[in-house]
Amino acid sequence: NTHFIKSNSVGIGTSSPSSNLEVRGSSTDSATGMTGILTLSAGFNNINATDQLGRINFQAPVEASGTDAILSGASIYGISEATFSASNNSTALVFATATSSSSIERMRIDSSGNVGIGGTPSNQLTVVGDNAIKNISIYTNSDSAVTTDTGARIFTTGDGGSGIYAENGHLVIQGRPSSARDIIFLTGGSASEVMRLTGDGDVQLQERLTFAGTNNTLTTGITLHSNG
C-alpha cells in the first residue's frame with residue numbers, strides 16, 4: 001500500500017488519515033480483504049515462554065512532573081505461554097495498568113480464552129486477590145464435583161453427571177473443598193457474620209431465626225437447638 005503523510009498524520013492505504021495513524025484495507029468485498037491490519041511482531045527466531053510478541057504502551061512521556069508520571073501508565077501486550085514450535089504458538093493477551101510505576105499485569109486472557117483477573121486463569125473466569133477477594137472462580141455447566149480446589153467456587157450445574165450434576169441450571173456455592181471451608185454470610189456496615197454453613201453441613205445462626213407466614217408456624221420436621 002502507498003504511504004501518505006498529511007499534517008503530521010500518517011495514512012497507509014489512504015491519503016486522508018483521520019488520526020495520527022490510519023491503516024485502511026483494500027476495497028475488496030470480503031470478510032478480511034477490506035480490513036485494515038496493524039501487526040506488531042517479534043524479530044527473534046526462537047520464541048520461548050513469557051516472551052512478548054508485541055506491545056502497546058500508553059503514557060505521557062513529556063509530563064512536566066517527571067519520574068513516575070512519564071512511565072507507561074497502561075499496556076496491552078501479547079505474551080507467549082510456551083516455547084514456539086511448528087505446531088504451537090500459544091499466546092496470551094495481557095492488560096496492564098499502574099498507579100506509581102510502570103504498568104503491571106492486572107488481567108490476562110490465555111490461549112484457551114480463559115480470563116484471569118489478578119492472576120493466571122485456571123478456569124473460564126478466575127479472580128485472585130490478597131485482600132477481600134481471594135481465589136474465587138466462577139464456572140458454568142459443571143458436570144461433576146470438585147474436591148481438590150484451593151479456592152471457593154460459584155457455578156451452575158450441567159447435565160453430564162449424576163445427582164445434581166445430571167440436571168442443568170442448579171446454582172451452587174461451594175467453600176474451599178480441599179479443607180472443608182465454610183460458607184459465611186456477612187451483613188451490615190461492619191460486615192458482621194449472621195449465618196454460617198459449615199463444611200460438615202451444619203447451619204449456624206448468630207442471632208435469630210424468623211419464619212414469614214401465617215402465624216409464623218414452623219413446618220413439621222424442623223428441629224431447633226440452642227447452643228446457649
Side-chain angles (χ1 to χ4, degrees), residues 49-50 79 81-82 90 92-101 103-213 216-228:
T50 72
I79 186 170
E81 295 180 328
S90 298
L93 186 64
V94 171
F95 297 83
T97 60
T99 55
S100 61
S101 65
S103 52
I104 300 170
E105 178 177 340
R106 309 296 186 186
M107 186 176 77
R108 173 183 296 234
I109 304 174
D110 70 13
S111 57
S112 298
N114 298 323
V115 177
I117 300 175
T120 302
S122 57
N123 303 290
Q124 288 175 301
L125 173 62
T126 300
V127 181
V128 180
D130 293 326
N131 297 313
I133 301 175
K134 187 170 183 64
N135 294 334
I136 295 178
S137 299
I138 299 177
Y139 304 71
T140 58
N141 297 329
S142 181
D143 288 332
S144 61
V146 174
T147 59
T148 58
D149 265 9
T150 59
R153 307 174 72 236
I154 301 174
F155 61 97
T156 57
T157 58
D159 56 6
S162 59
I164 65 169
Y165 301 98
E167 299 173 328
N168 253 323
H170 293 298
L171 177 63
V172 181
I173 302 173
Q174 179 183 10
R176 177 180 174 179
S178 59
S179 300
R181 293 292 191 243
D182 302 340
I183 298 174
I184 301 171
F185 296 82
L186 309 179
T187 63
S190 59
S192 300
E193 179 179 339
V194 295
M195 186 172 77
R196 178 185 295 250
L197 306 180
T198 72
D200 296 323
D202 294 333
V203 179
Q204 299 176 354
L205 299 175
Q206 301 303 311
E207 293 295 334
R208 60 185 180 274
L209 176 62
T210 302
F211 290 88
N216 292 329
T217 303
L218 297 182
T219 303
T220 302
I222 295 178
T223 304
L224 303 180
H225 297 276
S226 174
N227 290 328

Inset, instruction - Of all the heavy-atom pairs spanning I104 and S101, show the shortest one and how long it is. - result: CD1-OG, 3.6 Å

Legend entry - Pairwise side-chain contact, N114 with N123, heavy-atom cut-off 4.5 Å (strictly under): no

Inset, instruction - With sequence neighbours excluded, tell me which residues meet side chain to side chain donor-acceptor pair (under 3.5 Å) with T99. - result: none

Inset, instruction - Please list, chain by chain and in numerical order, all residues satisfying side-chain contact (heavy atoms from CB on, under 4.5 Å) with D159, sequence neighbours excluded. - result: N168

Legend entry - Contact summary for A166 and G161, nearest pair of heavy atoms: CB-O, 3.3 Å

Legend entry - Atom pair CG/CD1 of L171 and I164 - distance to nearest 0.5 Å: 10.5 Å

Inset, instruction - Heavy atoms only: give me the nearest Q206-M195 pair and the separation to one decimal. - result: CG-N, 4.4 Å

Inset, instruction - Check for a donor-acceptor pair, side chain of T157 on one end and backbone N or O of E167 on the other, with a separation under 3.5 Å. - result: yes

Legend entry - Minimum-distance pair of heavy atoms, taken over all atoms of E81 and A49: O-CB, 3.7 Å

Legend entry - Exercise: identify the closest heavy-atom pair between I183 and G175: CG1-N, 3.8 Å

Legend entry - S90 (side chain) donor-acceptor with A82 (main chain) under 3.5 angstrom: no

Legend entry - For R196, all residues meeting side chain to side chain donor-acceptor pair (under 3.5 Å), sequence neighbours excluded: D182, E193

Legend entry - Steps toward side chain to side chain contact (heavy atoms under 4.5 Å, CB included) verdict (F95, L93): CA-CA 7 Å; F95 297 83; L93 186 64; 3.8 Å; yes

Inset, instruction - Using the test side-chain contact (heavy atoms from CB on, under 4.5 Å), find all partners of E105 that sit at least two apart in sequence or belong to another chain. - result: Y77, V94, R108

Legend entry - For S162, side-chain contact (heavy atoms from CB on, under 4.5 Å) partners two or more places apart: none

Inset, instruction - Return the set of residues passing side chain to side chain donor-acceptor pair (under 3.5 Å) with T198 (not counting sequence neighbours), or none when no residue passes. - result: none

